[in-house]
Each structure stands twice: as C-alpha cells, then as structure tokens.
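Before any comments, here is the structure.
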Amino acid sequence: MEQFFGKTTWVTFGGLAAAVILSILVRYTPLALPILFALGVGAAWLYIRRPSAALLVAFAELFAFSHGHLIEANIGPVVLTERIVIFAGILLGWGVRVLWKREVPHLRDLILQPWVLVAGAVVSGLLVGMQENNPLTALDDANGYFFALYLLPLASVAWSRDMCRQLLHVFTATALWVAIFSLGTLYLFTHLDGIALVPLYKFIRDARIGEITLMSGGYWRIFLQSQIILIPTLFLLVAFAWERSRAERTWVWSLLLAGIVLSLSRSFWLGGMVGGTFLFLLLVRKSFSRTLRLAGRLVAHVGGSLLLIVALVFLVFPLPTRVSNLQDVFTKRGTEFGDAAISSRWKLLPIMWDGTQEHLWRGNGFGKGLEVQSDDPRIRAQYPEGRWTTHAFEWGWLDLWLKMGVLGLVAFLWLFAAYFRALWHADDQPFWLRAGFSAGLLTLAVVHAFSPYLNHPLGLGFFLFITPFILRESRQNPYSLAKNPVSKEAFPLRAGAA
C-alpha cells in the first residue's frame, strides 16, 4: 500500500486539518489578507525551488475544499482566495523558471493537443459572451476554465516515479479528508441543536465547502462538491487490490463508500455505478474468478458503509441523536424522482435545448442568461412564481454546447477520447492505474451530464492530475528518473508482478 500511504499522505492530511483551523481563526479578521499574501509568495518560492511540491499543494487544496474559499479577503470589489493566490504564485514561479532555466512545457506530446482546442473553444465563448452578454458576467462564467492554465507548469516538470507516487499520496489524503469531514459533519448536525449548529453551518456555507440541507426525519444531507473524488480513489484502491490478489487497509473502502452514500447525490451514484461497471468489465476480462471474489468483498463494504452511517447517526453518546427516520430518507432519494431538484432539472432541459438552437454552431457565449422555472424552495422564497434568469445551469454537456457551440462539445469529447487512448497506450504504467483512472474519467463524463463539473476546477483538475502519469515526454526522458532512480517493482507495479 505504499502506492497510496506514506509520509506525504499523512503530512497532507495534517496540513488540510491545520488549514481548516487557520481558516476558522482568521475568517472575518484583517489577518486573512497577509496570510493570503504569504501563501501566494510561498507558492511562487516553492515552485521555483521544487516545482512538483508546489503542484502537490495546489492539488491538495483543490480536491479538499471544493470552491476554494477557505481563506478569503476583499481588496475593494476583488475577492482574493487561497486558490487564486496559489494559482497566481505557481504561475509566477513557473514564469521565473522559464526565464531563468529555460524550462518550457512538453507541448509536443499528443496528450496536450486537445487542450489547444479546449482553449480555442473557451476563448471563442468568452469573446462572443463579452460582445453579446454582460462582459462582467461573461468573465465570471468563464473563470473556472482558467484553472486549465496549470497545464503549463505541470507539463514543464519531468515527473519521476517518486513524484507520481506522491501525487497518489496526496489524492488518497484528500479523499480521506473529504470522507472523514463529511462523516464528522453528519454526526454534529444530527446530534447538536439548532443554536449550536449556526456557526458550523455559517462556516461551511461561507467557505463554500459544501451544502447542508435538512431532510425529513431530522436527517441532514451533507453534500460536498469534492465528494466526487471519492469515486476514482475507490476505483484505484479496488483495482490495486485486484492486481495484488489481496486487499489491505480495506477500512478505507468503507470510509469512501460512506462519503459517497451520505452525499445523497444521485449524479454521483449513477456516475459511480457506470464507472464501477466499466471497471468490473475490465477486471473480468483479465480474470473472472479473481474479480468475483473482489466484488463480493466490495459488496460487503457497501453494507459496512451503510452500517457506519447508521451507527454514526443513531449513536447516543455523548450526544443524543435528533434523527427519527433514516430509512425513509434514503428510500425516497433512491426511488422517487419527483422532488424539486429533479423537476427543476427537467423543466430546464427544453429551455436549454431551445437556447442552443439560437446559435447552433458558434454558441451564445459565456454569461448567456435564460429565464428558467424552478421548484426549489430557496428560489421560490425570492421569486414566488419560481421564474428567474440565470447563467448557471445543470445539464453540463448541454451547457458546453449552449455557450461554446459545437466547438466546445467537440473539444471536450476529444479531450476524453485522448486521455482514454493515452491511458491504454501507456504501457509502462500498471493495469490497475490505467483501469482506475479510466473508470474515474467515465464517472466524470456521466456526472457532468447532470451536474456540471467540466466548467469547474474540480473536473478540469482531475484531467490535470492524470496528465503526469501519461505525459510521453516525461516517461521517455531518461533524465526524469536520473535523480531518483527506483526499481521497476517500486512504482508502478506491472500487471502480473504480484
């Protein structure tokens, strides 16, 4: 399990906990601004000295804190956040290394070519949006795509095997953090009274870590956008256990599954089932008997995750539970599709479809607003008839078409196809790694159909995270292994090596 657990794993986990504590201490105080300044300078210095370590920090922050507002400060109308200053610092450090050491991205690699088309689609959508829609709204709508500029410093690093292992350590640490944070928040919300929950709710809301919603029977839905990373992490762990023919530290499986289940996200559940089925077929193709045994163990952990949630919710010591009916919540969530969220989505679908027909090929540009009908009680509180105009939509693939036209659809479809192809032509990478990442990409594609993630750093960040494992230039460049030579058995494990 050294592929997933090591010193970097626990340092990252501790760093995430420390970041949350720091955020609680400095939020709404003048200290936030100097801390952000120091963080930006530190990110630039770290990239100049050790580029891969700076990118590990960026990935840890991204996958752990959803929207990246853990620490924020206002400078006039501008809101600075830890994600923005880390991003700016790393790009600054990259610029310094380009001028100083002439380190440039390996842009000749075929895996980077689809990003050029993605960039073209984004620029096209931004230009059209600034011309035909509100320019400020267009910029706000497109800002999530700027995260893809991390590709420049990322592709400028010669990724060694040790560096790639550290990426997996960070990925595992953030998944553990998200799962444990979700479970801990669930416990507090189902046991504390309303007054005690106010500061916790306010912190999670203002830091934009997630959404907390009261369901029937006193149960609280704990939804974090970052919970999506639990799914590919689970796929990697399961595929690794399959290749090793033995499962170690499977308690992590139950934690990850519990985090996915308690999210009550039907998009996550559907995406996870599609990706999981794809992974199952890949493994069955290699060995039916081994896959069947592993599937039985995984089913047992699904049951274990449900028991963990039930035990956590109904634990009466040291605080009494406030949940009266848990079964009803999960039954309705899994079988009833007439609630406000689902009905609002279906009402939005024909409106978005008609919007795409206005400018079928070039798109309507970022910032395109549509009048929509919503049954969400929070919307109805402001707009009694439920009609309002917005530029933020569900139905992610349709959103790409609406704003960037056919070019946007083609660009992202090519991006998925290129990464799938690159994963299966990366012969020096182990089967479990390629299978886990492929299933994760398929999950992302399915989830994006219902809840947009490709216009968000989390979705784009998953592509960026995979990139070092399949950059052909860094794999073929012998210098990338010269400073940190490792045996072939260390990382990654080849198929059949176990």
Side-chain angles (χ1 to χ4, degrees), residues 15-29 31-33 35-36 39-40 57-75 77-88 136-137 139-147 174-175 177-186 188-189 197-214 220-230 259 262-265 267-268 341 376 378-379 382 390-394 396 399 447-448 451-462:
L16 296 175
V20 170
I21 294 171
L22 180 63
S23 172
I24 293 171
L25 294 175
V26 304
R27 183 165 287 274
Y28 316 118
T29 74
L31 291 174
L33 186 58
I35 287 175
L36 286 173
L39 188 59
V57 172
F59 280 124
E61 189 281 329
L62 167 68
F63 292 133
F65 300 125
S66 297
H67 287 284
H69 282 254
L70 192 68
I71 302 174
E72 60 182 16
N74 294 327
I75 301 181
V78 179
V79 179
L80 283 182
T81 68
E82 84 281 358
R83 183 162 298 170
I84 291 174
V85 298
I86 291 173
F87 175 76
L136 292 178
T137 304
L139 279 171
D140 177 68
D141 196 14
N143 81 87
Y145 293 99
F146 298 149
F147 192 86
T174 51
W177 169 260
V178 170
I180 292 172
F181 185 88
S182 301
L183 289 164
T185 304
L186 175 65
L188 293 175
F189 270 83
L197 289 175
V198 169
L200 177 59
Y201 176 84
K202 193 170 185 296
F203 169 72
I204 293 175
R205 180 200 65 191
D206 292 351
R208 297 179 66 183
I209 294 174
E211 301 169 11
I212 315 296
T213 309
L214 180 62
W220 290 82
R221 181 195 181 195
I222 313 298
F223 174 73
L224 280 58
Q225 287 81 4
S226 291
Q227 286 163 340
I228 192 172
I229 71 158
L230 304 181
L262 66 82
S263 72
L264 292 181
S265 170
S267 300
F268 288 176
D376 191 323
R378 293 170 295 183
I379 300 299
Q382 300 181 51
T390 180
H391 64 270
F393 308 111
E394 306 291 343
D399 180 72
V447 171
H448 181 68
S451 301
Y453 268 85
L454 294 181
N455 61 353
H456 189 282
L458 276 169
L460 296 170
F462 186 58

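Because the structure is a prediction, the values reported are computed rather than measured.
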Point to revise | Leu31 side, atom CG; Leu25 side, atom CG - distance, nearest 0.5 Å | key: 9.5 Å

Study note, to complete from the structure: Shortest non-hydrogen pair, Phe203 vs Ser23, comes out as CE1-OG, 3.3 Å

Check your understanding: Does His69 reach the main-chain N or O of Arg208 with its side chain, forming a donor-acceptor pair under 3.5 Å?
Key -> no

Review point. side-chain hydrogen bond (donor to acceptor under 3.5 Å, both in side chains) with Arg205: which residues, sequence neighbours excluded?
Key: none

Revision key, fill the gap. Residue set satisfying side chain to side chain contact (heavy atoms under 4.5 Å, CB included) with Ile84, at least two apart, ordered chain then number -> Leu80, Thr81

Practice item. Just grab all the salt bridge (charged side-chain N to carboxylate O under 4.0 Å, His left out) pairs involving residues 59-72, residues at least two apart or on different chains. Key: Arg27-Glu72, Glu61-Arg83

Review point. How would you list, by chain and number, every residue that makes a side-chain hydrogen bond (donor to acceptor under 3.5 Å, both in side chains) with Asn455, sequence neighbours excluded?
Key: none

**Study point:** side chain to side chain contact (heavy atoms under 4.5 Å, CB included) involving Leu22 - partner list, sequence neighbours excluded
**Key:** Val26, Ile35, Ile71

Exercise for review: Write down the atom of Gly461, the atom of Phe147, and the distance for their closest heavy-atom approach.
Suggested key: CA-CE2, 4.0 Å

Study note, to complete from the structure: With sequence neighbours left out, the residues meeting ring pair (Phe, Tyr, Trp, His ring centres under 6.0 Å) with Tyr453 are none

Exercise for review: Measure the CG-CZ distance between Leu186 and Arg221 for me, rounded to the nearest 0.5 Å.
Suggested key: 12.5 Å

Exercise for review: Apply side chain to side chain contact (heavy atoms under 4.5 Å, CB included) to Ser263 and list each qualifying residue two or more places apart in sequence or on a separate chain.
Suggested key: Phe223, Gln227, Ser265, Phe268, Trp269

**Study point:** Sequence-distant partners of Asn143, side-chain hydrogen bond (donor to acceptor under 3.5 Å, both in side chains), two or more places apart
**Key:** none

Review point. Just how far is it from atom CD1 of Ile204 to atom OG1 of Thr185, taken to the nearest 0.5 Å?
Key: 4.5 Å

Check your understanding: Given the rule in the side chain to side chain contact (heavy atoms under 4.5 Å, CB included) test, do Ile209 and Phe181 qualify, once you have shown the distances and angles that lead to the verdict?
Key -> CA-CA 10 Å; Ile209 294 174; Phe181 185 88; 4.0 Å; yes

Check your understanding: salt bridge (charged side-chain N to carboxylate O under 4.0 Å, His left out) with Asp140: which residues, sequence neighbours excluded?
Key -> none

Practice item. Enter the distance from Phe63:CZ to Ile229:CD1 here, rounded to the nearest 0.5 Å. Key: 6.5 Å

Exercise for review: Rounded to the nearest 0.5 Å, what's the gap from CG on Leu139 to CZ on Phe146? Could you check?
Suggested key: 6.0 Å

Check your understanding: Taking all non-hydrogen atoms of both residues, which atom of Leu16 and which atom of Ala64 are closest, and how far apart?
Key -> CD2-CB, 3.7 Å

Practice item. State the CZ-OG1 distance between Phe189 and Thr213, to the nearest 0.5 angstrom. Key: 10.0 Å

Study note, to complete from the structure: By ring pair (Phe, Tyr, Trp, His ring centres under 6.0 Å), His456 pairs with (sequence neighbours left out) His67

Review point. For the residue pair Ser182 and Leu224, what are the closest heavy atoms and their distance?
Key: OG-CD2, 3.9 Å

Check your understanding: With sequence neighbours left out, what residues match Leu39 under side chain to side chain contact (heavy atoms under 4.5 Å, CB included)?
Key -> Glu82, Val85, Ile86

Practice item. With sequence neighbours left out, write down each residue that passes side-chain hydrogen bond (donor to acceptor under 3.5 Å, both in side chains) with Ser226, or none if nothing qualifies. Key: Ser66

